[in-house]
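As the structure is a computational prediction, the values presented were derived from the model and not from experiment.
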Amino acid sequence: MASLTVTDEQVRATPAKVIQPAWVRITHWINALAMILMILSGWQIYNASPLFGFSFPREYTLGGWLGGGLLWHFAAMWLLMINGLVYLITGFATGRFRRKLLPITASGVLHDVRAALTFRLGHDDLTVYNYVQRLLYAGIIVVGVLIVLSGLGMWKPVQLYYLVMLFGDYPTARYVHFFCMAAICAFLVIHVLLALLVPKSLRAMIIGR
């Protein structure tokens, strides 16, 4: 009868499962940097012409003044767009989005929300996203596309008038851009909190395993 004992050498020889491939980790951290720059510089731009009756604290803005904020925003915009395109194209080409994010069902989301609220949502297998994660990640991709399109329309409203018209008019595009930014900020807060609650997910995003 063959021995079922697993030796230490066999354990060490077995490679750990890759949870986050290299291209996901690289685009993730580049995207994190780009989004922080975009948000902080965007707050500086917002303060020059607020949509609502408040302004963001100066110490949490980037650029120092409207012109400086615009320069930072445009620089980070190219980084975000190029990195985002790499992420989307690779995600679709490799089938990762289909495997990780689908299907999304209302019953599955409600079940996992209840489990999360009662601290019974498992994270044993990080290679499988629960329904809450699928909804959040799929949703933030849609929000990312909307914020880029509305931002481009605001940047070049004459040349890219069709993007402005996609949202109705220029003022509406500004509101869409703002609320997409708010959604991204909320996502980042939830994302960081979940990473702190499940430290091995952060480790996987750093070393892949």
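Without hydrogens or angle criteria, H73 side chain to M38 main chain gives a donor-acceptor distance under 3.5 Å. For K100 (side chain) and G95 (main-chain N/O), no donor-acceptor pair under 3.5 Å exists by modelled atom type. Side chain of R25 to main chain of Q20: a donor-acceptor pair is present (N/O by atom type, distance under 3.5 Å, no hydrogens or angles).
Residues P57 and T61 come closest through the heavy atom pair O-CG2, 3.5 Å.
In this structure, W65 places its CH2 atom where only 12 or fewer heavy-atom neighbours from other residues, nucleotides or ligands lie under 6.0 Å away. Counting non-hydrogen atoms of other residues, nucleotides and ligands closer than 6.0 Å to OH of Y60 gives a total of 12 or fewer.
H28 pairs by the ring pair (Phe, Tyr, Trp, His ring centres under 6.0 Å) definition with H191, not counting sequence neighbours. For F167, the ring pair (Phe, Tyr, Trp, His ring centres under 6.0 Å) criterion is met by no residue, not counting sequence neighbours.
Under a hydrophobic clustering in which Ile, Leu, Val, Met, Phe, Trp and Tyr are joined whenever their side-chain heavy atoms come within less than 4.5 Å, directly or via other members, V148 and Y170 fall into different clusters.
The aromatic rings of F56 and F178 sit tilted, their planes meeting at an angle between 30° and 60°.
Checking T118 against R120 by side-chain atom types alone, a donor-acceptor pair falls below 3.5 Å. Looking at Q44 and N47, their side chains never bring a donor and an acceptor atom within 3.5 Å of each other.
Annotation: side chain of L110 is not in contact with side chain of Y131 (no heavy-atom distance under 4.5 Å).
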Give the table of side-chain donor-acceptor pairs shorter than 3.5 Å for residues 74-91, with sequence neighbours excluded, one pair per line with atom names and distance.
| unit_1 | atom_1 | unit_2 | atom_2 | d |
| --- | --- | --- | --- | --- |
| N83 | ND2 | T27 | O | 2.9 |
| T90 | OG1 | V86 | O | 2.6 |

